[in-house]
Amino acid sequence: MTTVGRNDPCPCGSGKRYKYCCGGPGREGVAAVRADPIVEAQRLMQSALAAQESRRLDEAERLYRDALALWPDAADALHMLGVIRYERHDYDEARSLILRALDLTEWRYPAYRHNLGLVVARANRKGYGAALDARQKEYRAWQAARAAVAPATAPRVAVVIPAYNHERFVATALESVFAQTYRDMEIVVVDDGSRDATADVARRTLARSPFPHRMIVRENRGAAATINEGVALCSAPFVSILNSDDAYAPDRIARMVREIAAKGYAWGFTAVEFIDAAGAVIDTLRDARAYTLSCAIAAIPFDRSIGFALLAANVAVSTGNIFCSRALWESLGGVRDLRYNHDWDFALRALWREEPVFVRDSLYRYRLHEGNTITESSTKPRQEANAVLGDYLATASESDVAPNPFAPSVGAWGAELAVAVLEGGLGGGLELPVLRRLVRLADEWEGRAAAASGT
């Protein structure tokens, strides 16, 4: 413990002499606490954080370094100083500082892991831009050739509607199918043990169906089991899911057949229009969830590939927005039994097999209302999403080549996989072995690039 003289500056940082501050009458105990190195380091860190939040970065950096001089193993100080060095483009020191903070805390904190990912991605952005440009040109050329294929077939499409407690919406969903401009269709409705009048409304509405149809009513088994059962009951070579609270634009199926099925491709999805409980179009600037999803969808054409956009977020939005060949569906075993993310999980597993088609028009009407499953919890959907992403990356970060030659993977894109994930801020929720593998991949690429350039 350091001894403070009565005429020395007070350790509390007030600028006053010790005898006029913490060393005054009745405050000698405060002085003893202030003189403890770790307590003093904690005080400096609090001041540093306040300066950092006010964007006084010079002051914040000085205070963090002062704190570390007193307490070298202060993980928070190491991490936050690393963040400042990252903002100042000193990626080497930022990486060193955050790595030390992670090692001291056994890599427990998602925020540390998230920021390490940002640092590693930015540090390794240099050195392989030419390789990325070449790969993207190859991908764009492949897309152009695919778009030029003349439509060859017009197969039957099965619309599968899993229905549960949507008595207010199910008639609208069915009527949007009846209104399709494409007419070679069949409809399968499976009521998943609804506790309201959904089954009765669906049955009455189906009586007006212009298409062959089938309806099953049984006990509740969950969304995944219901979707899979519906697909198993139909016979068409292509399947289009429709959630019972959503709706199709009139030309949706015709467009999906023309852009996907008739050109020999396996699956795809469209942009999305968001509607409210009354069916009115939502102003995305006034709804946080619709805004976030709309921005992600709008960015798809500017990403490395459609697959990379899908890796960064569930830009398909819903199982109901997926149009898929029966062959691909069966090869994947349908959707898996997940509460919140069976749609994204299916899309990522399909991506590994086949690059999707993205139709830019908003042909799926996704309803946001108080009963959406995703609103049940503020944390569980994200935890499940992290596990879904981790499953994909556990495979993609190995060197194996995917059946889809453009799937985001080491085999197809090299270190760009690591950069995309880490730069996108996705590292915080990954399992530690996957995160370490991605960091190592980026570092190995940087080493090769540096050796090749002689730097």
Next item on the list: Look at Arg218 together with Asp192 and state whether they make a salt bridge at an N to O cut-off of under 4.0 Å.
Entry: yes
Notebook entry, point to check: So, does Asn404 use its side chain to make a donor-acceptor pair with the main chain of Leu351 at under 3.5 Å?
Noted result: yes
Notebook entry, point to check: Side-chain contact, heavy-atom cut-off 4.5 Å: Asp283 with Asp287?
Noted result: no
Check: Side chains of His369 and Asp245: do they bring a donor and an acceptor to under 3.5 Å?
Finding: yes
Next item on the list: Find out whether Leu78 and Leu104 are in side-chain contact, i.e. whether some heavy atom of one side chain is under 4.5 Å from a heavy atom of the other.
Entry: yes
Notebook entry, point to check: Looking at Glu355 and Arg146, does any basic side-chain N land under 4.0 Å from a carboxylate oxygen?
Noted result: no
Check: Taking all non-hydrogen atoms of both residues, which atom of Phe178 and which atom of Leu206 are closest, and how far apart?
Finding: CZ-CA, 4.2 Å
Next item on the list: If the plane angle is over 60° it's perpendicular, under 30° parallel, otherwise tilted; pick one for Phe269 and Trp267.
Entry: tilted
Item checked: Candidate pair Ser240 and Tyr248, rule side-chain hydrogen bond (donor to acceptor under 3.5 Å, both in side chains), full reasoning -> CA-CA 10 Å; Ser240 187; Tyr248 287 160; 2.7 Å; yes
Margin query: Quick check against the 3.5 Å criterion: does Asn341 have a side-chain atom that pairs as donor or acceptor with the backbone of Pro381?
Written below: yes
Notebook entry, point to check: Donor-acceptor pair, Asp303 side chain versus Ile306 backbone, under 3.5 Å?
Noted result: no
Note to self: What I'd like to find out is whether the side chain of Val160 reaches to under 4.5 Å of the side chain of Val190, using heavy atoms alone.
What the structure shows: no
Notebook entry, point to check: Taking the six-membered ring of Trp107, is NZ or CZ of Arg436 closer than 6.0 Å to its centre and within 45° of its axis?
Noted result: yes
Next item on the list: Decide yes or no for Asp276 and Leu368: does some side-chain heavy atom of the first lie under 4.5 Å from some side-chain heavy atom of the second?
Entry: no
Check: Is a side-chain N or O of Gln52 found less than 3.5 angstrom from the main chain of Glu59, in a donor-acceptor match?
Finding: no
Next item on the list: Would you indicate whether the side-chain heavy atoms of Arg365 and Val281 approach each other to under 4.5 Å?
Entry: no
Notebook entry, point to check: For Phe238, is the NZ or CZ atom of Arg326 found under 6.0 angstrom from the centre of its six-membered ring and inside 45 degrees of the ring axis?
Noted result: no
Check: Okay, side chain of Ser54, backbone of Ala50: is any donor-acceptor separation there less than 3.5 Å?
Finding: yes
Next item on the list: Decide whether Asn243 and Thr319 meet the rule of one side-chain donor and one side-chain acceptor closer than 3.5 Å.
Entry: no
Check: Testing Thr181, Val257, Asn321 for side chain to side chain contact (heavy atoms under 4.5 Å, CB included) with Arg252, which one passes?
Finding: Asn321
Next item on the list: Could you please spell out the steps behind the side chain to side chain contact (heavy atoms under 4.5 Å, CB included) verdict for Val388 and Tyr340?
Entry: CA-CA 10 Å; Val388 166; Tyr340 306 103; over 6 Å; no
Note to self: Can you confirm whether Arg221 sits close enough to Glu219 that some side-chain heavy atom of one is under 4.5 Å from a side-chain heavy atom of the other?
What the structure shows: yes
Next item on the list: Please say whether the positively charged group of Arg135, taken as NZ for Lys or CZ for Arg, lies over the ring of Trp413, i.e. under 6.0 angstrom from the six-membered ring centre and within 45 degrees of the axis.
Entry: yes
Notebook entry, point to check: Quick one: does Glu354's side chain have a donor or acceptor within less than 3.5 Å of a partner on Leu328's backbone?
Noted result: no
Next item on the list: Using modelled atom types only, decide if a donor and an acceptor are shared between the side chain of Thr205 and the backbone of Arg203 within a distance under 3.5 Å.
Entry: no
Next item on the list: Evaluate the criterion side chain to side chain contact (heavy atoms under 4.5 Å, CB included) for residue pair Ile297 and Ser362; output intermediate values, then yes/no.
Entry: CA-CA 10 Å; Ile297 293 168; Ser362 300; over 6 Å; no
Next item on the list: Could you check whether the rings of Tyr139 and Phe406 sit parallel, tilted or perpendicular, using 30° and 60° as the cut-offs?
Entry: perpendicular
Checklist line | Salt bridge flag under 4.0 Å for residues Arg214 and Glu186 | finding: no
Check: With a 4.0 Å cut-off, would you call Arg336 and Asp345 a salt bridge?
Finding: yes
Margin query: With a 3.5 Å distance limit and no angle check, can you tell me whether Lys263 reaches the backbone of Ala147 through a side-chain donor-acceptor pair?
Written below: yes
Check: Are any of the side-chain heavy atoms of Glu87 and Arg55 separated by less than 4.5 Å?
Finding: yes
Check: Would you find a donor on one side and an acceptor on the other, under 3.5 Å apart, between the side chain of Ser209 and the backbone of Phe211?
Finding: yes
Next item on the list: Give a yes or no on whether a salt bridge exists between Arg382 and Glu384, defined as a side-chain N under 4.0 angstrom from a carboxylate O.
Entry: no
Notebook entry, point to check: Arg353 and Ser331: side-chain donor and acceptor closer than 3.5 Å?
Noted result: yes
Margin query: Could you tell me if Tyr364 and Asp246 have a donor-acceptor pair between their side chains, going purely by distance under 3.5 Å?
Written below: yes
Notebook entry, point to check: Are the side chain of Thr105 and the backbone of Leu102 linked by a donor-acceptor contact shorter than 3.5 Å?
Noted result: yes
Margin query: Applying the side chain to side chain contact (heavy atoms under 4.5 Å, CB included) criterion to Asp191, which one of Thr198, Ile216, Asp200, Thr226 satisfies it?
Written below: Thr198
Margin query: Could you check whether Arg349 makes a cation-pi contact with Phe346, meaning its NZ or CZ is under 6.0 Å from the centre of the six-membered ring and within 45° of the ring axis?
Written below: no
Item checked: Partners passing side chain to side chain donor-acceptor pair (under 3.5 Å) against Asn165 (at least two apart in sequence or in another chain) -> none
Check: Which value, rounded to the nearest 0.5 Å, describes the distance between Asp343 atom CG and Asn314 atom CG?
Finding: 4.5 Å
Margin query: For Arg85, give me all partners under salt bridge (Lys or Arg N to Asp or Glu O under 4.0 Å), at least two apart in sequence or on another chain.
Written below: Glu61, Asp90, Glu93
Check: Are a donor atom and an acceptor atom from the side chains of His89 and Tyr91 found within less than 3.5 Å of each other?
Finding: yes
Check: In terms of side-chain geometry, is the basic nitrogen of Arg258 or Asp251 positioned less than 4.0 Å from the acidic oxygen of its partner?
Finding: no
Next item on the list: Pick out which of Tyr112, Tyr64, Tyr109 makes a side chain to side chain donor-acceptor pair (under 3.5 Å) with Asp76.
Entry: Tyr112
